[in-house]
2 protein chains.
Amino acid sequence: MTKDPEDNDAPPNQPERFQQARAAQAMAILEDYAEMISDLIEEMGEARITDIASRMGVTHPTATKAVARLKREGLAVSRPYRGVFLTDEGADLAERVRARHRTVVDLLVAVGVPPETAEMDAEGLEHHVSETTLKAFERYLDAAAAK
Amino acid sequence: MTKDPEDNDAPPNQPERFQQARAAQAMAILEDYAEMISDLIEEMGEARITDIASRMGVTHPTATKAVARLKREGLAVSRPYRGVFLTDEGADLAERVRARHRTVVDLLVAVGVPPETAEMDAEGLEHHVSETTLKAFERYLDAAAAK
DNA sequence: ACAAGAATGTAGCCAAGGCTTTAAAAATAC
DNA sequence: GTATTTTTAAAGCCTTGGCTACATTCTTGT
C-alpha cells in the first residue's frame with residue numbers, strides 16, 4: 001500500500017466531472033417535463049396536469065410542482081384549472097431534447113442494443129450526453145448510413 | 001388538434017421508463033461513492049472522509065452523510081475517526097461499476113467521441129446503462145477489435 | 001339548475017443530497 | 001507533554017422531488 005501523499009494519480013478534474021454530472025441531473029427533470037408537455041400538446045391539443053402526471057408515472061401534486069418549476073424557469077405558462085403551455089424557450093428546449101433522444105436511441109440501436117432496451121435506457125442516458133458527444137453520434141450515424 | 005380521448009398513441013410503458021430512470025438515479029450516488037472509496041483504498045491504502053469529499057467535489061459533511069448511507073445499505077463499514085472500508089458486497093458493486101465505466105468510455109471512443117469528453121460524459125451516463133445495453137457494448141467492442 | 005364526479009390546487013410530510021457553522025477528537029510539531 | 005493544526009463529527013438549513021390527505025373548482029349528466 002502506498003500511503004505516500006506524493007503519489008496522487010487521480011485526475012485533477014475529477015471533482016468537476018462529478019459536479020457536472022450533478023448539474024446535468026438537475027436539468028434532467030425539467031427536460032423530461034418540457035418534452036412531455038410538448039408531446040401532449042401535439043397529440044391532444046393541450047397538456048393537462050392529470051395526463052402529464054400519469055405519463056410521467058407520478059401523482060398530480062408532483063406534476064404540479066414540476067410545472068411550477070418550469071414556470072419559474074420561464075419555460076412554461078399556465079393559469080389555474082387550465083392546461084399547461086410552453087413558452088418559446090420551453091418549446092425550443094423540448095425540440096432539442098426530442099432530437100437528442102432520437103439520436104441516442106438510434107446510436108444505441110446502431111451498435112446492437114435491442115430497440116425496446118434502447119428506448120428504456122435512452123430515457124436516463126440522454127440527459128448526460130454533451131453537445132460534443134451528440135455531434136459524434138450524428139457523425140457516426142451518418143457514416144453508417146452512407147456505408 | 002386531436003382532442004379525441006380515443007387517440008392515445010403513447011406507449012403504455014412510458015411511466016415505467018421514467019420510474020426506472022428515477023430508480024437508476026437513486027443508485028447512482030451510492031455507486032459513485034463506492035467506486036471512489038475503492039479507488040482510494042487501492043491508491044492510498046485507505047479511504048479518508050477528507051479525500052472522498054475532495055475527489056467527489058463536495059464538502060466533508062456531505063461525504064460523511066453519503067458514507068452513512070452506504071453503511072446503512074450494508075455496502076461500507078467505518079468506525080469514528082478511522083477510514084472507510086467496503087464490505088464484500090460494496091467491493092463487488094465498486095468492481096462492477098468500474099468495469100461498466102471502462103466499457104462505456106471505450107464504446108464512446110469507439111464511435112468517435114474524444115477521450116476527454118468520453119470520460120466526462122461517462123460519469124453521468126454509466127448509471128443508466130442496463131445489463132442488456134452493456135452486453136451489446138461489449139459485443140460491439142469485441143467485433144471492432146477483431147476487425 | 002344542480003348534484004355528482006373529475007380535475008386541479010394547497011398543505012404538510014419525508015428522504016436525499018447539497019451547504020455552513022460549531023464542536024470534538026486525533027495527529028503532529030515543538 | 002502540551003499546544004496547534006488537521007480531520008472528523010454533529011447540528012441545522014435549503015431545495016428537489018416524491019408522497020397523502022384535504023379543499024376547491026370545473027364539467028357533466030339528468
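These numbers come from a predicted model, not from an experiment. Naming: A, B, ... by sequence-line order, numbering from 1 per chain.
- For the residue pair A:Ala47 and A:Ile52, the shortest heavy atom distance occurs at CB-CD1, 4.2 Å.
- Checked against B:Leu30 for a side chain to side chain contact (heavy atoms under 4.5 Å, CB included), the options B:Arg69, B:His127, B:Glu35 give a single hit: B:Arg69.
- In this structure, B:His60 atom NE2 and C:dG17 atom C1' are separated by 16 Å, rounded to whole Å.
- Atom CZ of A:Arg69 and atom P of D:dG18 are 7 Å apart (whole Å).
- Mapping A:Tyr81 and A:Arg72 onto DNA chain D via the closest heavy atom, the residue that lands nearer the 5' end is A:Arg72.
- Counting any heavy atom pair closer than 4.0 Å across all strands shown, B:Pro61 reaches a base atom.
- Residue-level contact check: A:Tyr33 touches the backbone only, with heavy atoms under 4.0 Å from sugar-phosphate atoms and none from bases.
- We find that CD1 of A:Ile49 is positioned 15 Å from C1' of D:dT25, with the value rounded to whole Å.
- When rounded to the nearest whole Å, the span between CD of A:Gln25 and P of C:dG17 equals 11 Å.
- Atom C1' of nucleotide D:dT16 and atom CG of A:Leu70 are separated by 13 Å, given to the nearest angstrom.
- Residue-level contact check: B:Thr62 touches the bases, meaning some heavy atom is under 4.0 Å from a base atom.
- The side chain of B:Thr59 places an N or O atom within less than 4.0 Å of a non-bridging phosphate oxygen (OP1 or OP2) of C:dC19.
- Both A:Asp51 and A:Gln19 lie near DNA chain C, and the one whose nearest nucleotide falls closer to the 5' end is A:Asp51.
- A straight line from CZ of A:Arg82 to P of C:dA7 spans 15 Å, rounded to a whole angstrom.
- Distance from the side chain of A:Ile29 is smallest for D:dG18 among the nucleotides C:dG18, D:dG18, C:dG9.
- Summarising the geometry, the separation between CD1 on B:Ile52 and C1' on C:dG17 is reported as 16 Å, rounded to the nearest angstrom.
- Following rounding to the nearest Å, A:Met56 (CE) and D:dG18 (P) show an atom-to-atom distance of 7 Å.
- When the nucleotides C:dA7, D:dC19, C:dG18 are ranked by their closest atom to the side chain of A:Thr50, C:dA7 comes out on top.
- Proximity of A:Arg48 to the phosphate of C:dA7: no side-chain N or O atom is located under 4.0 Å from OP1 or OP2.
- Taking 4.0 Å as the cut-off between side-chain N and carboxylate O, A:Glu31 and A:Arg100 count as a salt-bridged pair.
- For the pair B:Arg55 (side chain) and A:Gln14 (backbone), a donor-acceptor distance under 3.5 Å is absent.
- Atom CG of B:Leu86 and atom NZ of B:Lys71 lie 12.5 Å apart (nearest 0.5 Å).
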